[in-house]
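Structure record follows, encoded as C-alpha cells.
Atom set for the values below is all heavy atoms of this structure, side chains included, hydrogens, waters and symmetry mates excluded.
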Amino acid sequence: MAEGFDRNDKNDMALFDRVPPHDDDAEMATLGGMLMAKDAIGEVTQTLEEADFYQPKHQTIYKAIIDLFSAGDPADVVTVANRLDDAGDLEKVGGVDYLHDLIGSVPTAANAVYYATIVHQRAILRNVIAAGTKITQLGYNAEGSQAQEVVNLAQAEIYEMSMGKVHQDYTPIANAVEATLKQIDRIQKGEIESGILTGFRDIDSVTKGLQPGQMVVVAGRPAMGKSTLGVDFARAAALHQHLTTVIFSLEMSQIELSQRIISAETNIPLSAMRNAEDIDPGRWNVLNNFFIKLRDAPLFIDDSPNMSLMEIRAKCRQLKQSDDLKLVVIDYLQLMSSGKQVESRQQEVSEFSRALKLLAKELEVPVVALSQLNRGPEMRNDKKPQLSDLRESGSIEQDADVVFLVHRPDAYDKEDRPGEADIIMAKHRNGPTATFNLAFRGQYSKFQDMPQDYQQGV
C-alpha cells in the first residue's frame with residue numbers, strides 16, 4: 001500500500017470506479033422473449049429504447065430485431081442472424097450460438113415485459129449517475145455569477161432524465177429527409193395533425209394551429225388587446241380542446257384574469273363582474289353552470305409577483321411532468337425578471353426571448369409570449385404596427401416562429417371600422433404571412449371571428 005493512502009481515499013475510489021447499474025440476465029431474457037414471440041416485440045418496444053441496454057452487443061441485437069419487426073418481417077434466430085451477418089455484426093455479438101443462448105435464458109416469452117422493466121429501471125439509474133456527474137462538473141466549472149444559469153441547466157438535465165430522453169443532437173441527413181418527405185405526403189393526403197387550435201377560423205387555416213416547439217409572440221401597444229388575444233388562445237386550448245394550459249400573468253391578478261375568462265365564456269359583460277348589483281338571479285344561474293363546467297378544466301393561472309425566468313421554466317417543467325402541459329402563455333415579456341444583474345435591459349429581454357424559445361423546444365409545446373410595441377405605430381399615418389416596433393429587443397423578432405401584431409383602428413379614431421381588429425401575422429417561419437380581420441368585443445374581453453360573408457368596408 002502506498003504511503004498516505006487512507007480509508008477515505010479507498011471510499012473515493014470505490015465511489016467512482018464502480019460498474020454502472022445493469023442486469024445482464026434481464027437483458028438476455030428480454031431479447032430471448034422477443035426472439036420467441038412477435039407479440040413480445042411490440043410490448044417491449046413500448047418500454048425500452050436501444051440505449052437502455054448496457055451491453056453493446058445487446059443493443060446491436062435489439063436494433064436488428066426492431067428493424068425486422070418494423071419492416072413487417074419475422075424476427076427469429078435465423079432472420080436476426082442473417083441481418084446481423086449482412087451488417088458484419090454477427091460474430092461481434094457472439095454468433096448464432098449466442099442467439100440460441102438468449103432463447104435458452106427465458107422459459108417463456110410471456111415474461112419479456114417484466115424483464116424489460118428491470119432493464120429500463122437500471123438504465124434510469126445509469127442516467128441518474130450521468131446527470132449527477134454532469135451537474136457536479138457544472139458546479140465546479142461555473143463562476144459565481146453563473147450560479148442561476150447552472151441551476152437552470154441542472155433542472156433541465158433532471159427533467160430530461162426523468163422524461164427518459166437520451167441526448168442525441170445529431171441525426172443522419174437521410175433520416176431527416178425521409179421524415180420531411182413523409183410529412184409532405186401526409187399534408188397532401190390531408191393527414192397532417194393540427195397543432196393547438198387558436199379558436200379563430202382563418203388563423204387556424206393558415207397556421208394549422210400553434211405547433212409544438214414554437215415561440216409565438218403576440219404584440220401590441222397598451223390597451224390594444226394583446227392580453228385579450230393571449231387569453232383567447234388559452235381558453236380555446238384548455239376549455240374547448242381540454243389541453244393543459246398555463247397562463248403566467250405578470251400584469252393582472254388571478255381575480256382580474258378570471259373575470260375576463262368568465263365574461264368571455266358567458267357573455268356577461270366584464271363591467272358586471274365588478275358591480276354586484278348587475279348580477280341578477282339569471283346571471284347567477286349562468287355563472288353557477290359555468291363553474292360546474294369549468295371545475296375540471298386543465299387551465300392553470302400563476303400571478304406570482306416579480307416572477308423570474310427561472311421560476312417560469314421550473315413550473316413549466318413540473319406541469320409537463322404532472323399534467324402533460326400543452327400550451328404556455330406569458331403576459332408579458334417585458335415584465336419578466338432575470339433575477340441577476342445585466343448590462344442593459346435590451347440584453348435582458350434578449351435572454352428572455354432566447355430562453356423561452358429553448359423552453360418551447362425542450363418541452364415540445366408552443367410558448368405564447370406577449371410583448372409591448374414601442375411608439376412606432378403612433379408616428380405613422382396609418383398607425384399600423386410593424387415587426388421593427390417590437391420593444392427593447394430585435395432578438396424577439398429573430399427567435400419567434402410566429403409574430404402576431406394586434407391593431408384596432410378605432411383605438412385611434414372611433415369612426416374608423418369600429419369594433420374591428422386586424423391581427424397582422426408579420427412573421428410565419430413555416431408558411432405565408434397574412435392579416436386576419438376579427439371582431440373585438442371589449443365588453444366581453446374577447447375577439448371573435450367575423451361572419452364568413454363579411455366584407456371589410458361594406
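A salt bridge links K357 with D401: at least one charged nitrogen is closer than 4.0 Å to a carboxylate oxygen. Salt bridge annotation for D67-K63: present, with a cationic side-chain nitrogen under 4.0 angstrom from a carboxylate oxygen. Between D302 and K315 there is a salt bridge, since a side-chain N of the basic residue sits under 4.0 Å from a carboxylate O of the acidic one. E27 has no carboxylate O lying under 4.0 Å from a charged side-chain N of R122, or vice versa, which leaves the two without a salt bridge. A salt bridge links D422 with R417; the closest basic N to acidic carboxylate O contact falls under 4.0 Å. In summary, K326 and D324 engage in a salt bridge, as defined by a charged side-chain N under 4.0 Å from a carboxylate O.
For K427 (side chain) and Q398 (main-chain N/O), a donor-acceptor pair under 3.5 Å exists by modelled atom type. In this structure a side-chain-to-backbone donor-acceptor pair under 3.5 Å is missing from R83 to L68. With D399 contributing its side chain and M215 its backbone, the two residues share no donor-acceptor pair below 3.5 Å. One N or O on the side chain of T30 and one on the backbone of A116 form a donor-acceptor pair closer than 3.5 Å. With D52 contributing its side chain and E49 its backbone, the two residues share a donor-acceptor pair below 3.5 Å. At least one donor-acceptor pair closer than 3.5 Å links the side chain of K320 to the backbone N or O of L363. With hydrogens and angles ignored, the 3.5 Å screen pairs no side-chain donor or acceptor of T228 with any backbone N or O of K446. Remark: the backbone N or O of F440 is not paired with any side-chain donor or acceptor of E420 at under 3.5 angstrom. Using modelled atom types, one side-chain atom of N289 and one backbone atom of N285 make a donor-acceptor pair closer than 3.5 Å. Checked by atom type and distance alone, the side chain of E256 pairs as donor or acceptor with a backbone atom of S253 at under 3.5 Å.
A 4.5 Å side-chain heavy-atom check between R429 and V402 finds every atom pair outside the cut-off. The shortest side-chain heavy-atom distance between Q121 and P21 does not fall under the 4.5 Å cut-off. Looking at M425 and T207, their side chains come closer than 4.5 Å, going by heavy atoms from C-beta outward. By the 4.5 Å heavy-atom criterion applied to side chains, F291 and I262 are not counted as neighbours. When side chains are defined from C-beta on, L438 counts as touching D449, because their heavy atoms get closer than 4.5 Å. In this structure the side chain of V329 never reaches within 4.5 angstrom of the side chain of V246, judged on heavy atoms. Within the 4.5 Å cutoff, the side chain of L31 has heavy atoms near those of the F53 side chain. In this structure, the side chains of V367 and V216 stay at 4.5 Å or more apart for every pair of heavy atoms.
Between D278 and A272, the shortest heavy-atom distance links the atoms CB-CB, 3.7 Å. Contact record, H407 with P385: CB-CD, 3.6 Å, taken as the closest heavy-atom pair. The heavy-atom pair separating S371 from K226 by the smallest distance is O-CD, 3.3 Å. Residues F248 and C316 approach most closely at CE1-SG, 3.5 Å, considering heavy atoms. Nearest heavy atom pair, residue L327 against residue I196, reads CD2-CG2, 4.3 Å. Heavy atoms only, all atoms of each residue included: A40 and A112 are closest at CB-CB, 4.0 Å.
Here the straight-line distance linking atom CG of D413 with atom CZ of R408 works out to 12.5 Å at 0.5 Å rounding. Here the CG-OG distance, from L373 to S388, works out to 9.5 Å after rounding to the nearest 0.5 Å. Interatomic distance, Q55 CD to T60 OG1, rounded to the nearest 0.5 Å: 11.0 Å. For the atom pair I424 CD1 and T435 OG1, the distance stands at 5.0 Å (nearest 0.5 Å). Note that CG of N437 and CE of M450 are 4.5 Å apart. Values are rounded to the nearest 0.5 Å. The distance from the OH atom of Y412 to the CG atom of N381 is 12.5 Å, given to the nearest 0.5 Å.
Note: F200 and F447 have perpendicular aromatic rings, judged against thresholds of 30 and 60 degrees for the angle between ring planes.
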Does the side-chain contact (heavy atoms from CB on, under 4.5 Å) test come out yes or no for I66 and E50, once each step is laid out?
-> CA-CA 9 Å; I66 297 305; E50 182 183 337; over 6 Å; no

Determine, step by step, whether I261 and L299 satisfy the side-chain contact (heavy atoms from CB on, under 4.5 Å) criterion, reporting the C-alpha distance in whole Å, the side-chain angles of both residues, the deciding distance to 0.1 Å, and the verdict.
-> CA-CA 11 Å; I261 292 170; L299 179 59; 3.8 Å; yes

Residue pair S249, D303: steps toward the side-chain hydrogen bond (donor to acceptor under 3.5 Å, both in side chains) verdict | CA-CA 5 Å; S249 180; D303 65 351; over 6 Å; no

Taking it one step at a time, do I65 and I41 satisfy side-chain contact (heavy atoms from CB on, under 4.5 Å)?
-> CA-CA 8 Å; I65 295 173; I41 300 175; 3.7 Å; yes

Go through the steps to decide whether R260 and M252 satisfy the test side-chain contact (heavy atoms from CB on, under 4.5 Å), and finish with yes or no.
-> CA-CA 10 Å; R260 291 188 175 215; M252 290 183 284; 3.3 Å; yes

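S227 and D331 share a donor-acceptor pair across their side chains, judged by distance under 3.5 Å alone. No side-chain N or O of K293 forms a donor-acceptor pair with one of N288 less than 3.5 Å apart.
Counting non-hydrogen atoms of other residues, nucleotides and ligands closer than 6.0 Å to NZ of K384 gives a total of 12 or fewer. Annotation: L125, atom CG; neighbour count of heavy atoms from other residues, nucleotides and ligands within 6.0 Å is above 12.
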